Amino acid sequence: AQTVTQSQPEMSVQEAETVTLSCTYDTSESDYYLFWYKQPPSRQMILVIRQEAYKQQNATENRFSVNFQKAAKSFSLKISDSQLGDAAMYFCAYQGGSEKLVFGKGMKLTVNP
Amino acid sequence: DVKVTQSSRYLVKRTGEKVFLECVQDMDHENMFWYRQDPGLGLRLIYFSYDVKMKEKGDIPEGYSVSREKKERFSLILESASTNQTSMYLCASSPPPRRQTQYFGPGTRLLVL
């Protein structure tokens with residue numbers, strides 16, 4: 001079975017600085033998708049960024065980018081120019097050959113002014 | 001914008017009660033999901049449905065059942081609520097084909113006394 005590991009339960013960053021959230025996964029599949037979801041306090045979970053495993057180019061969305069290392073099964077999220085609104089729980093997720101998402105345990109990001 | 005709504009934000013029930021959690025999406029999505037979110041455990045899939053009247057067990061289906069009589073509505077049923085079912089319940093939906101973004105509802109925080 002696939003597993004997703006987020007080893008750091010909490011991190012903090014100063015406003016305007018850069019922070020990297022780590023995620024590793026375990027799978028025997030070759031075709032899959034990876035996602036980062038964000039859950040702000042008392043608000044709905046939303047997609048931050050997604051990466052198709054067959055694409056070598058790392059996905060980017062404005063201040064958010066990923067470092068996808070397929071051989072190492074690593075999928076980290078970099079947030080540049082951190083803002084107070086980035087404070088949230090962040091979940092890494094894997095989707096292989098079915099509709100099912102496998103989530104990591106999440107990481108709480110605090111942004112200090 | 002996709003909208004996924006859940007019938008209650010907060011719910012308090014007694015042990016042994018039958019509990020219904022309702023989820024409605026307005027974007028004609030085929031796929032709908034029920035997750036349970038617990039601190040330190042991330043999100044775990046309870047059930048999902050890829051079409052009306054179709055359902056598949058997720059990773060933790062015990063103690064739960066689901067109903068999907070209409071495409072836009074997916075209900076989670078706790079046949080006899082127990083204290084260990086106290087949790088945050090998240091509903092999500094996604095369109096075909098596979099590996100599309102899942103859109104989440106705001107969640108229902110259920111307390112079973």
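Order of the sequence lines fixes the chain letters, A, B, ..., with proteins taken first and strands second; residue numbering starts at 1 for each chain. Only a predicted model underlies this, so the values are computations on that prediction, with no experimental measurement involved.
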Checking [X] against chain A: side chain, backbone, both or neither under 4.5 Å from a heavy atom?
X: B:Leu45; answer: side chain
X: B:Gln102; answer: both
X: B:Arg9; answer: side chain

In the single-linkage hydrophobic clustering (I, L, V, M, F, W, Y; side-chain heavy atoms under 4.5 Å), do [X] and [Y] co-cluster?
X: A:Ile49; Y: A:Met11; answer: yes
X: B:Phe104; Y: A:Phe91; answer: yes
X: B:Phe33; Y: B:Tyr47; answer: no
X: A:Val102; Y: A:Met107; answer: yes
X: B:Met32; Y: B:Phe48; answer: no

### Message
Taking side chain as everything from C-beta outward and backbone as N, CA, C, O, which of these in A:Gln39 sits under 4.5 Å from a heavy atom of chain B? Side chain, backbone, both or neither.
### Response
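Contact with chain B involves the side chain of A:Gln39 alone.
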### Task
Under 4.5 Å heavy-atom distance to chain B, tell me which part of A:Leu101 shows up: side chain, backbone, both or neither.
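For A:Leu101, heavy atoms of backbone and side chain both lie under 4.5 Å from chain B.
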### Query
Within a reach of under 6.0 Å around CG of A:Asn62, are more than 12 heavy atoms found that belong to other residues, nucleotides or ligands?
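Not more than 12 within 6.0 Å, no.
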### Query
Are more than 12 heavy atoms from other residues, nucleotides or ligands located less than 6.0 Å from atom CZ of A:Arg63?
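Above 12, so yes.
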### Sub-4.5 Å side-chain heavy-atom contact between B:Tyr35 and A:Met45
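A side-chain contact is absent here, since even the closest heavy-atom pair is not under 4.5 Å.
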### Query
Is there a side-chain contact between A:Tyr33 and B:Thr101, using heavy atoms and a 4.5 Å cut-off?
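A side-chain contact is absent here, since even the closest heavy-atom pair is not under 4.5 Å.
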### Message
Only pairs of heavy atoms separated by less than 4.5 Å count here; which of B:Met88, B:Glu56, B:Gln37, B:Arg44 has the most with chain A?
### Response
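Option with the greatest count: B:Gln37.
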### Message
So which atom in B:Asp59 and which in A:Lys100 form the shortest heavy-atom distance, rounded to 0.1 Å?
### Response
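Looking at all heavy atoms of both residues, the closest pair is OD1-NZ, 3.8 Å.
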